[in-house]
Amino acid sequence: MSSGGLNMSRRIRRTPYTDRVEAVGVRGFSVVNHMLLPKAFQKSVEEDYFHLREHVQIWDVSVQRQVEIKGRDATQLIQWMTSRDISKATIGQCLYVPLVDEKGGMINDPVLLKLEEDRYWLSIADSDVLLWAKGLALGAGMEVDIDEPDVSPLAIQGPKAEDLMAKVFGEEIRQVKFFRYDRFNFKNTSQVIARSGYSKQGGFEIYLDDSTLGHDLWDTIWAAGQSFNISPGCPNLIERIEGGLFSYGNEMTRQNNPLECGMNDYVVLDGSIDFIGLNALRKIKADGITKQIRAILFDGSPCPTCSKPWPVMAGDNKNIKIGEVTSGIYSPRLEKNIGLSMIDRDYWSSGQKVTVQCADGLVREGVVSTLPLVESLI
Ligand code: THG
């Protein structure tokens, strides 16, 4: 289903890399955090998927905006915003943190970077965290500065990412551990580079903190990447569903809580931390959650794009709706359709037979599976 061309304007912000992305033949964009996210290049999603698993790709993920919170009360504010215990976070660490509201609803699922004892970045998914944080700080009279700095992440993803990054930034980059960052020199500036990214193929994210260096950074990596068969890319739907990486606004919204999203390890309810939504989440946990994210493997012809959730019905009683597929695509490697879905408690066991009512009018048969899909199949 197409919605025609997107009408560009200043509100839909370009990134420091958009010129370069256009030069290498981008075919379409999405908009995240009021900014352009490249979604397709010359290659098909399937070709991109196989390329990402074998080589290295350069992704303009500037839409992963940073909400910088600094000042005397920065740690307190961030702990108030998340159900995960951040008290033991160290400088140089990245943490995946659910942000929740007073009802326990998911506000966002950013990566938190601790930059200094009283300075953090929240590397956000698609919701206006900056406004939420400013409102909280103002209301609570906290001493913090909250801003969106000029930081535009560029992701280098795939099995050859480490060799490419070592060629550009030096051998020391190999020492950076998963979900850690360090600072590396680029054109006599110091840039934060983390071993992270929105794929399971390994790689790095460069948090470039100066837009005027965008072309330079892209060109440098692009040139060095030629011998590694580098290709322009973007978060790959097949790879991310197989790997069980969630997309805020798709898999979950403010209507869902982090327990429904399977983030139990990041929900501390024993009273050792205080955060917005603690009481709500305690009650939700005591009552028992009624649904949770699962993978679905389903048969039939390759499914269409899932632009609105598809009803999932019980396999043996097609009149009972038991959940919704929120992202789905055909996996050429598994030779099946795969999806992420929110499934009711009575039906969420692995192996549960279901049918999926796809947007093309076809009803496809499938089964519920645990996450991540690929590991659960091995
Ligand atoms: N990188 C950065 N910022 C981001 C994303 C990112 N902001 C938006 C969005 N992605 C936030 N959502 C996620 C989802 C999954 C992961 C990171 C951000 C992720 N998960 C790992 C996994 O599931 O294997 C590790 C999670 C963990 O340590 O618990 O990487 O991609 N900068």
Side-chain angles (χ1 to χ4, degrees), residues 15 30-35 37 39 52 57-68 81-86 88-90 92-100 106-115 120-130 148-149 151-158 161 176-182 191-209 233-237 239-253 256 258 261-268 293 295 326-327 340 370-376:
T15 88
S30 183
V31 176
V32 173
N33 289 323
H34 320 279
M35 183 173 260
L37 173 66
K39 280 308 281 266
L52 172 61
Q57 297 188 349
I58 179 170
W59 298 359
D60 174 3
V61 285
S62 302
V63 298
Q64 296 171 183
R65 304 313 293 163
Q66 307 309 301
V67 175
E68 178 168 302
M81 292 168 72
T82 180
S83 57
R84 183 167 180 183
D85 181 359
I86 63 151
K88 292 182 187 66
T90 56
Q93 197 179 356
C94 310
L95 294 91
Y96 185 41
V97 293
L99 306 185
V100 294
M106 291 284 295
I107 288 278
N108 203 285
D109 67 332
V111 176
L112 172 70
L113 285 80
K114 181 163 180 171
L115 300 170
Y120 299 84
W121 283 343
L122 288 166
S123 183
I124 61 171
D126 193 18
S127 73
D128 296 316
V129 172
L130 183 135
E148 182 184 295
V151 172
S152 302
L154 187 66
I156 309 300
Q157 299 286 298
V176 178
K177 296 198 175 77
F178 182 64
F179 261 53
R180 311 285 307 190
Y181 73 83
D182 209 338
Q191 301 295 336
V192 168
I193 303 183
R195 192 185 288 266
S196 58
Y198 203 54
S199 89
K200 290 280 199 177
Q201 303 311 311
F204 296 83
E205 292 181 301
I206 307 163
Y207 289 79
L208 182 68
D209 75 354
C234 54
N236 185 280
L237 190 56
E239 202 273 344
R240 113 168 150 78
I241 294 178
E242 285 183 1
L245 296 173
F246 305 153
S247 160
Y248 184 82
N250 289 317
E251 275 63 67
M252 68 284 202
T253 69
N256 303 112
C261 303
M263 298 179 181
N264 304 45
D265 290 353
Y266 304 150
V267 180
V268 178
I293 297 186
T326 50
S327 296
L340 295 172
T370 51
L371 285 163
L373 243 185
V374 165
E375 281 166 32
S376 73

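Read the numbers this way: they start at 1 and go in the same order the structure lists the ligands and their atoms. Predicted model only: the values in this text are computed from it and were never measured. Every heavy atom of this structure was used, including side-chain atoms; hydrogens, water molecules and symmetry mates were not.
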Point to revise | Distance (rounded to the nearest 0.5 Å) between Leu122 CG and Glu148 CD | key: 12.0 Å

Exercise for review: Considering only non-hydrogen protein atoms, determine which one is nearest to atom 18 (C) of ligand 1 and report residue, atom name and distance to 0.1 Å.
Suggested key: Val111 CG2, 3.6 Å

Review point. Quick one: nearest non-hydrogen protein atom to atom 13 (C) of ligand 1, plus distance?
Key: Tyr96 CE1, 3.5 Å

Check your understanding: Are the aromatic ring centres of Tyr207 and Trp121 under 6.0 angstrom apart?
Key -> yes

Study note, to complete from the structure: re atom 1 (N) of ligand 1, the protein heavy-atom contact at minimum distance is Glu205 OE2, 2.9 Å

Review point. Taking N or O atoms only and a 3.5 Å limit, does Ser123 qualify as a polar contact for ligand 1?
Key: yes

Check your understanding: Which residue supplies the protein heavy atom nearest to atom 10 (N) of ligand 1, what is that atom called, and how far is it?
Key -> Tyr198 CD1, 3.7 Å

Review point. Within the structure, does Gln64 bring an N/O atom to less than 3.5 angstrom of an N/O atom in ligand 1?
Key: yes

Point to revise | Flag, side chain of Arg195 to backbone of Gly203, donor-acceptor distance under 3.5 Å | key: no

Exercise for review: Can you measure from CD (Gln201) to CD (Gln57) and round to the nearest 0.5 angstrom?
Suggested key: 9.5 Å

Check your understanding: Just heavy atoms, cut-off under 4.0 Å: does Tyr248 contact ligand 1 by side chain, backbone, both, or neither?
Key -> neither

Point to revise | Geometric N/O contact Arg84 with ligand 1, under 3.5 angstrom | key: no

Practice item. Mark yes or no for whether Tyr248, through its side chain, and Met106, through its backbone, hold a donor-acceptor pair below 3.5 Å. Key: yes

Revision key, fill the gap. Atom 9 (C) of ligand 1: closest protein heavy atom, distance to 0.1 Å, is Ala125 CB, 4.2 Å

Point to revise | Identity and separation of the nearest protein heavy atom to atom 32 (N) of ligand 1 | key: Tyr207 OH, 2.8 Å

Exercise for review: State which residue, out of Leu371, Leu340, Asn236, fulfils the side chain to side chain contact (heavy atoms under 4.5 Å, CB included) condition with Ile241.
Suggested key: Leu340

Practice item. Select one of side chain, backbone, both or neither to describe which atoms of Ile124 lie under 4.0 Å from any atom of ligand 1, heavy atoms only. Key: backbone

Check your understanding: Can you tell me the protein heavy atom closest to atom 29 (O) of ligand 1 and the distance?
Key -> Tyr266 OH, 2.3 Å

Check your understanding: Which residue owns the protein heavy atom closest to atom 24 (O) of ligand 1, what's the atom, and how far is it?
Key -> Lys200 NZ, 2.5 Å

Point to revise | Residue from Ile156, Ile58, Val151 passing side chain to side chain contact (heavy atoms under 4.5 Å, CB included) with Ile206 | key: Ile156

Check your understanding: So which of Asp109, Thr82, Ile107 actually passes side chain to side chain contact (heavy atoms under 4.5 Å, CB included) with Pro98?
Key -> Thr82

Exercise for review: Using a 4.0 Å heavy-atom cut-off, say whether Trp59 meets ligand 1 through its side chain, its backbone, both or neither.
Suggested key: neither

Exercise for review: Please work out which of Leu245, Leu371, Asp265 has its closest non-hydrogen atom nearest to atom 16 (C) of ligand 1.
Suggested key: Leu245

